[in-house]
Enquirer: 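Before I ask anything, here is the structure I am working with.
So you know, we letter chains A, B, ... as the sequences are listed, proteins then strands, and number each from 1.
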Amino acid sequence: MATLTIPDNLVYERPQSFTDSPTHYCPGCTHGVAHRLVAEVLDEMGLANRTVGVAPVGCSVFAYNYFNTDFVEAAHGRAPAMATGIKRVLPDHIVFTYQGDGDLASIGMGEIVHAAARGENITVIFINNANYGMTGGQMAPTTLPGMKTSSSPSGRDVETQGYPIRVAELLATLEGAGFIVRRSLHDPANIRKAKKAIRTAFEVQTHGLGFSLVELLSTCPTNWGMTPVDALKWVESHMLPFYPLGDYKIAPAITAAKI
Amino acid sequence: MARELWKGNEAIAEAAVRAGLEAYFGYPITPQNEILEWLSHRMPELGRAFVQAEAELGAINMVYGAACTGARVMTSSSSPGISLMMEGISYIAGTEIPVVLVNVMRGGPGLGNIAPSQGDYNQICKGGGHGDYHVIVLAPASIQEAVDMMPLAFDLAEKYLTICCVLIDGSIGQMMEPIELPEMRPAQRKDFPWATNGAKNRPRRILTSIYLDPPEEEKTNLRLLKRWEAIQANEIRSKEYFLDDAEIVVIGFGTAGRVALSAVRAARAKGLKVGLFRPVSLSPYPYARVAELAGKAKAFLVVEMNAGQMLDDVRLAVNGRIPIEFYGRLGGVVPFPDEILDEIQRISTADLQLDGNPVADWMKRMEAMVR
């Protein structure tokens, strides 16, 4: 009698660069997706055992619980400075920061601008969800004009509260910046593009080609007061028009290296 | 090695290099610029890390990151810059990793001036950053002493997983003296069991100062305190001059102590029984020795280039047993030996009270002086 054997065809598994710890993120939050993409890239490139991650202050303060690599925890906004210190004494290691918009674009604006200007050979994963998630949804430097938050209850009034900062565009003006792109996590096609960008960012670092940053448009269903699905739709309808996806800086050396 | 004439800041920087400094991160501020400038050429020529940061905030956090890898690392600054670094200092203390810090103090508060001061004693010895932690603070009174202290500062920081601060003032940073430098050593990086240097053939490591569960934070605080107990037991340092038969004991650290020594010598020449006690470790403070001296002397004279910050520690040790007098110069003014000699002579014949207020009494005398 013939036996039917079905070969294993594993299409999905937990990345080796992840620990077994479940995450603390809210349902529908895209931090989990962003984490996973980074872990998949570390796996594919075989980098985990020579990587040091730098966690921020914000919702991803405990990122170090989820990545199976060495990790340090920075003060609010200072991750790029801490990463600089690590990379300068461990130049053969891979150093990345994972930062939210309050951490990177508000309190840590000095550190990120100067790390980029120096062309520090580090990789930055920048989560833009247009508000301060951990502290309860206050206005962030990335909060859209008119967007209601717990500290802009009538909607962000640009006359008194200023305008949002487009980080990718801003950093792309710096000579030292190597690879600066914006991607989004609001649907599978964009998630695939985001992963490709993260892969390229780490490749830029392994090739010693300078500062790389991937901005990821992300959701915050809890503080936005939306269902996870509505939050994804809101990224597409509201954030994409203000924060266009694209490659803002790809240094000639990176193009030449054909990464 | 032959003695050579060196400027204080440059000598301290070179001594750190020779002690195996692997990475330096700093930001320009007077009167410590020569440390940064010296290392800006010296570190790269040795293949070691040097970064001029965008601010003291960046510098201390670069130091924080590099220290996490187990590298021998330091920064330097002057008073306002140290204030900016306080955030990072607290995080480093909470993460329990070794860092060396040099503070070339200047007049304050605020922007103040760039003249020598000792106004940051309380800031560094009593906290400064948030939370319960202690910093080892060493105060040299000459360039040679500062140079000899640099290898010790790294050794202490690494032994106790703490911050060790070499606290000097602008005069020690800026003056020149003949010194002998230590032997050159290669960059030091010990294989610490906590260093985040890549999880190769070992479980991953995490370095953090966050303990969300209060009992865990309490355990961490107690662990820090236990280490501090060991530091208090083992790392008290001080220098003594003419104390055997001294009836008046002058107490001062750093430059104030050095100027006071000139006054003590002049007073001895006049036949006065006076000596000098110069604390070298300001934190931990030599309370026990000061208490012992209080049992032998008739009176103490505390001399500082601040408004009596160390005076509080002396009063704690003396506990009301003998009269204490205070003489301070503030805001970047360095006392002359004659001023301290006058104080010694005044005290030698004065009818001193145990219940006096040394700071209030000194301020009355200052009123006439600064008018």
Enquirer: Of the listed residues (B/Met62, B/Arg204, B/Lys200), which shares the most heavy-atom pairs with chain A below a 4.5 Å separation?
Expert: B/Arg204

Enquirer: CG of B/Asp132 to CG of B/Leu225: how many Å apart, nearest 0.5 Å?
Expert: 6.5 Å

Enquirer: Count the heavy-atom pairs under 4.5 Å between each of A/Thr84, A/Val57, A/Val89, A/Val113 and chain B, then report the option with the highest count.
Expert: A/Val89

Enquirer: A/Asp43 vs A/Arg36, test: salt bridge (charged side-chain N to carboxylate O under 4.0 Å, His left out). Steps then yes/no.
Expert: CA-CA 10 Å; A/Asp43 275 9; A/Arg36 188 183 164 96; over 6 Å; no

Enquirer: Quick one: what part of B/Arg189 sits under 4.5 Å from any heavy atom of chain A, side chain, backbone, both or neither?
Expert: side chain

Enquirer: Pick from B/Asn201, B/Thr196, B/Val63, B/Thr208: which one has the most heavy-atom pairs with chain A under 4.5 Å?
Expert: B/Thr196

Enquirer: Can you label the angle between the B/Phe50 ring and the B/Tyr24 ring as parallel, tilted or perpendicular, going by 30° and 60°?
Expert: parallel

Enquirer: Please look at A/Val52 and chain B and tell me whether the side chain, the backbone, both or neither of the residue comes under 4.5 angstrom of a heavy atom of that chain.
Expert: side chain

Enquirer: More than 12 heavy atoms of other residues, nucleotides or ligands under 6.0 Å from CD of A/Glu44: yes or no?
Expert: yes

Enquirer: Name the orientation class of the two ring planes belonging to A/Phe71 and A/Phe67 (parallel below 30°, tilted from 30 to 60°, perpendicular beyond 60°).
Expert: parallel

Enquirer: Within 45° of the ring axis of A/Phe202 and under 6.0 Å from its six-membered ring centre, is that where the NZ or CZ of A/Arg50 lies?
Expert: no

Enquirer: Which bit of A/Val61 is near chain B, if near means a heavy-atom gap under 4.5 Å: side chain, backbone, both or neither?
Expert: side chain

Enquirer: Which one of A/Asn68, A/Val54, A/Thr51 has the most heavy-atom pairs closer than 4.5 Å to chain B?
Expert: A/Asn68

Enquirer: Between CD1 of A/Ile86 and CZ of A/Phe96, what distance do you get to the nearest 0.5 Å?
Expert: 10.5 Å

Enquirer: Between A/His76, A/Arg118, A/Lys87, which shows the greatest number of heavy-atom pairs under 4.5 Å with chain B?
Expert: A/Arg118

Enquirer: Are the side chains of B/Tyr91 and B/His130 in touch, meaning some heavy atoms are under 4.5 Å apart?
Expert: yes

Enquirer: Select one option (side chain, backbone, both, neither) describing which atoms of A/Ala117 are under 4.5 Å from chain B's heavy atoms.
Expert: neither

Enquirer: Using a 4.5 angstrom heavy-atom cutoff, name the option from B/Ala195, B/Gly65, B/Ala71 with the most pairs to chain A.
Expert: B/Gly65

Enquirer: Does any heavy atom of chain B fall under 4.5 Å from the side chain of A/Phe62, the backbone, both, or neither of them?
Expert: side chain

Enquirer: Heavy-atom distance under 4.5 Å to chain A: side chain of B/Leu212, backbone, both or neither?
Expert: side chain

